[in-house]
Amino acid sequence: MERLRIFVGNMPRLLRDIVEEIVRSQPDMEITAQHEEGAFRIEPHQADVVILGEHADAKLKIATVANDERGANLVDPRRLSTVELSPQVLVAAIRAAAGKTH
């Protein structure tokens, strides 16, 4: 079974520990890297899903550009729906982001 590689970063240590514990409890997931603060760089081969903390006042927008220059996406996390977090919701969100369902 191919395991999903998860990068966890930019969140308080306690929250990161909880997220990592949930991820590690899944037989099809593994933590590949973690980052505590500041800028970081993720290469596509390093992670299938990136989980970052969001600050309530953050004005972060995410832009992705396809390597073949055919398109780009812009995501404003403030406009996404928010749901109450539970281990089951987190695991389902990771699998959905990776295009995997069980």
Side-chain angles (χ1 to χ4, degrees):
M1 163 177 37
E2 185 175 327
R3 296 173 60 144
L4 294 175
R5 299 162 300 167
I6 313 300
F7 176 94
V8 180
N10 194 32
M11 63 181 66
R13 179 76 172 157
L14 179 59
L15 180 56
R16 189 173 61 243
D17 289 347
I18 292 168
V19 169
E20 289 179 359
E21 182 178 330
I22 292 168
V23 169
R24 286 189 178 108
S25 73
Q26 301 302 305
D28 61 335
M29 296 180 192
E30 65 182 314
I31 299 293
T32 61
Q34 55 177 272
H35 189 272
E36 295 196 23
E37 293 181 22
F40 58 88
R41 179 181 171 149
I42 295 290
E43 296 292 332
H45 67 277
Q46 292 177 306
D48 299 304
V49 176
V50 175
I51 302 174
L52 301 174
E54 176 188 0
H55 300 285
D57 63 346
K59 296 179 180 174
L60 174 71
K61 292 186 176 56
I62 301 166
T64 62
V65 178
N67 288 340
D68 62 7
E69 301 176 3
R70 290 188 300 165
N73 292 304
L74 177 62
V75 178
D76 183 347
R78 294 172 299 160
R79 296 179 187 260
L80 299 175
S81 63
T82 302
V83 297
E84 188 170 329
L85 185 62
S86 71
Q88 296 82 10
V89 169
L90 178 61
V91 168
I94 291 169
R95 288 192 178 121
K100 311 267 185 189
T101 56
H102 278 80

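Here the CG atom belonging to D17 is positioned 8.5 Å from the CZ atom belonging to R24, to the nearest 0.5 angstrom. Here E20 contributes atom CD and L15 contributes atom CG; the two are 10.0 Å apart, rounded to the nearest 0.5 Å.
With sequence neighbours excluded, the residues that form a side-chain contact (heavy atoms from CB on, under 4.5 Å) with L90 are V19, I22, I51, L85, I94. Residues forming a side-chain contact (heavy atoms from CB on, under 4.5 Å) with A97 (at least two apart in sequence, or on another chain): V49. With sequence neighbours excluded, the residues satisfying side-chain hydrogen bond (donor to acceptor under 3.5 Å, both in side chains) with Q88 are S86. The side-chain hydrogen bond (donor to acceptor under 3.5 Å, both in side chains) search around S25 returns none, not counting sequence neighbours. For E30, the side-chain contact (heavy atoms from CB on, under 4.5 Å) criterion is met by R3, R5, T32, not counting sequence neighbours.
Shown here for V8 and I31, the closest heavy-atom pair between the two residues is CG2-CD1, 3.7 Å.
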